[in-house]
2 protein chains.
Amino acid sequence: MRRSSAETKAVILAAARERFAADGYDKATIRAIAADARIDPAMVMRYFGTKEKLFAAAAEFDLELPALAPDQAGAGLVRHFLRKWEADEGLQVLLRTGVTNEAAAERMRTIFAGQVMPLVIDLTGDPERAPVRASLIASQVLGLALSRYILKFPPMVAATEEELIAWLSPTVQRYLTE
Amino acid sequence: MRRSSAETKAVILAAARERFAADGYDKATIRAIAADARIDPAMVMRYFGTKEKLFAAAAEFDLELPALAPDQAGAGLVRHFLRKWEADEGLQVLLRTGVTNEAAAERMRTIFAGQVMPLVIDLTGDPERAPVRASLIASQVLGLALSRYILKFPPMVAATEEELIAWLSPTVQRYLTE
DNA sequence: ATTGTAGGCCAACACCTGTTGACTTCCTAC
DNA sequence: GTAGGAAGTCAACAGGTGTTGGCCTACAAT
């Protein structure tokens, strides 16, 4: 079959996202990604040059945090994060690989420093303690993703979105305001 | 050099723990572990049979949760977990590998189901909601480990044990009692 | 109809992995 | 002092990895 350059590149990228999200950096082999994309492994190299560069492209990600009313920020953040996780594979990619791959960990750090921290400053007007607050929020929210989507603790998997929001939003709210 | 069988086995196991904790399952190669133990890779196979069995031995782990007064359980749990993490590589091994290795994830699940949940039942006397409570606690506590020790968010790394306990214990306490 | 080019495929490379079996060396029990 | 066995070494295997270069093949412009 014959495709345009842009098309194949997109197909490869989509396959790479899935594989990296499901298997992590090492287990997601170029050959497996190529097979998913129904393409020769050499094409992956032609379009992305290197496995690391392909990963960098697949890990491109924006939290897209919305503006929030300060008194509902806790619930808003938890809800947004849950939906983002399920809609965008980028976060899964970063969490699965960030644990054993320093480059992905660094990316995670810059995302939280560049996107979560500013929001916290904006919400609290307290730049001095914003870093701690933001990391505490990150710790709870990433712990949620870890236990629900990665380690799959049964009670976390069984819980509904609303139940999780009810449990977690007071925590996040307290990390913001206390 | 000539050692007893038990000695070498212990040396190998110690090296394996370190490597698995630092690198995760795939990157921790038998050759690297053997080099750390100043031993031929074949010895590792002789003593443990298989990489998977070696991993199983290295991931042997007990949370050793202490008895706690119900009203101070939050602080007690956070403190115990922080110290356990730094004293025993077993937890690091499990978290680093559990993210990409199903066997390690299963081990993590049974540890939390078999050790955290009973404690929660004991503390609350409420068997029905104990699973949710226990997983919520696990989510916060694992999120702490993830952001402080694995992803190394700077504010979490900089925080002292007491600061972290002060921030997290109300969260854990609420997951226990609310 | 011919040619240039871009998309795609194949086979191979050098390297690394877990794992195996044969070989050597040392200590101990008789 | 010699036999047996345990501790340790070495070289190789089969399979998988990222990556490369040469080769086709379809299409568009001339």
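Chain naming here is simple, since letters A, B, ... match the order of the sequence lines and numbering starts at 1 in each.
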Please examine the side chains of B/Leu146 and A/Leu95, heavy atoms only from C-beta on, and report whether any two atoms are closer than 4.5 Å. yes
Where along residues 37-45 of chain B does a heavy atom come under 4.0 Å from DNA chain C, residue by residue in number order? B/Ala42, B/Met45
Minimum-distance nucleotide to A/Thr29 side chain [options: C/dG7, D/dT17, C/dT19]: D/dT17
Six-ring centre of A/Phe20, A/Lys27 cation under 6.0 angstrom, axis tolerance 45°: no
Side-chain contact, heavy-atom cut-off 4.5 Å: B/Pro170 with B/Gln173? no
In terms of side-chain heavy atoms, does B/Thr171 have a donor or acceptor partner in A/Tyr175 at a distance below 3.5 Å? yes
Applying side chain to side chain donor-acceptor pair (under 3.5 Å), name anything that partners B/Arg148, two or more places apart in sequence or on another chain. none
Side-chain N,O (A/Thr8) to OP1/OP2 (C/dG7) below 4.0 Å: no
Atom-to-atom span, CD of B/Glu7 to C1' of D/dG8 - whole angstrom: 14 Å
Does OP1 or OP2 of C/dA6 have a side-chain N or O of A/Ser5 closer than 4.0 Å? no
Check whether NZ of the Lys or CZ of the Arg A/Lys53 lies under 6.0 Å from the centre of the six-membered ring of A/Tyr47 and within 45 degrees of that ring's axis. no
CZ of B/Arg46 versus C1' of C/dC23: gap in Å, rounded? 11 Å
Using whole Å, report how far CG of A/Asp26 lies from P of D/dG16. 17 Å
Quick one: is C/dG8 close enough that its OP1 or OP2 comes under 4.0 Å of any side-chain N or O from A/Arg3? yes
Has A/Thr50 got a side-chain N or O lying under 4.0 Å from the OP1 or OP2 atom of D/dT19? yes
Whole-Å distance between C/dG18 C1' and B/Ile33 CD1? 11 Å
May I ask you to say what B/Tyr47 touches in the nucleic acid, namely base, sugar-phosphate or nothing, with a heavy-atom cut-off under 4.0 Å? sugar-phosphate
Would you call the rings of B/Phe153 and A/Phe112 parallel, tilted or perpendicular if under 30° counts as parallel and over 60° as perpendicular? perpendicular
What is the distance from NZ of A/Lys51 to C1' of C/dC16, rounded to the nearest Å? 13 Å
Distance, rounded to the nearest Å, where B/Ile12 contributes CD1 and D/dA7 contributes P: 11 Å
Rounded to whole angstroms, how far apart are CD on A/Glu52 and P on D/dT17? 17 Å
Rounded distance in Å - OH (A/Tyr25) to P (D/dT17): 14 Å
Could one point to a donor on the side chain of A/Arg31 or the base of D/dG16 with an acceptor on the other under 3.5 Å away? no
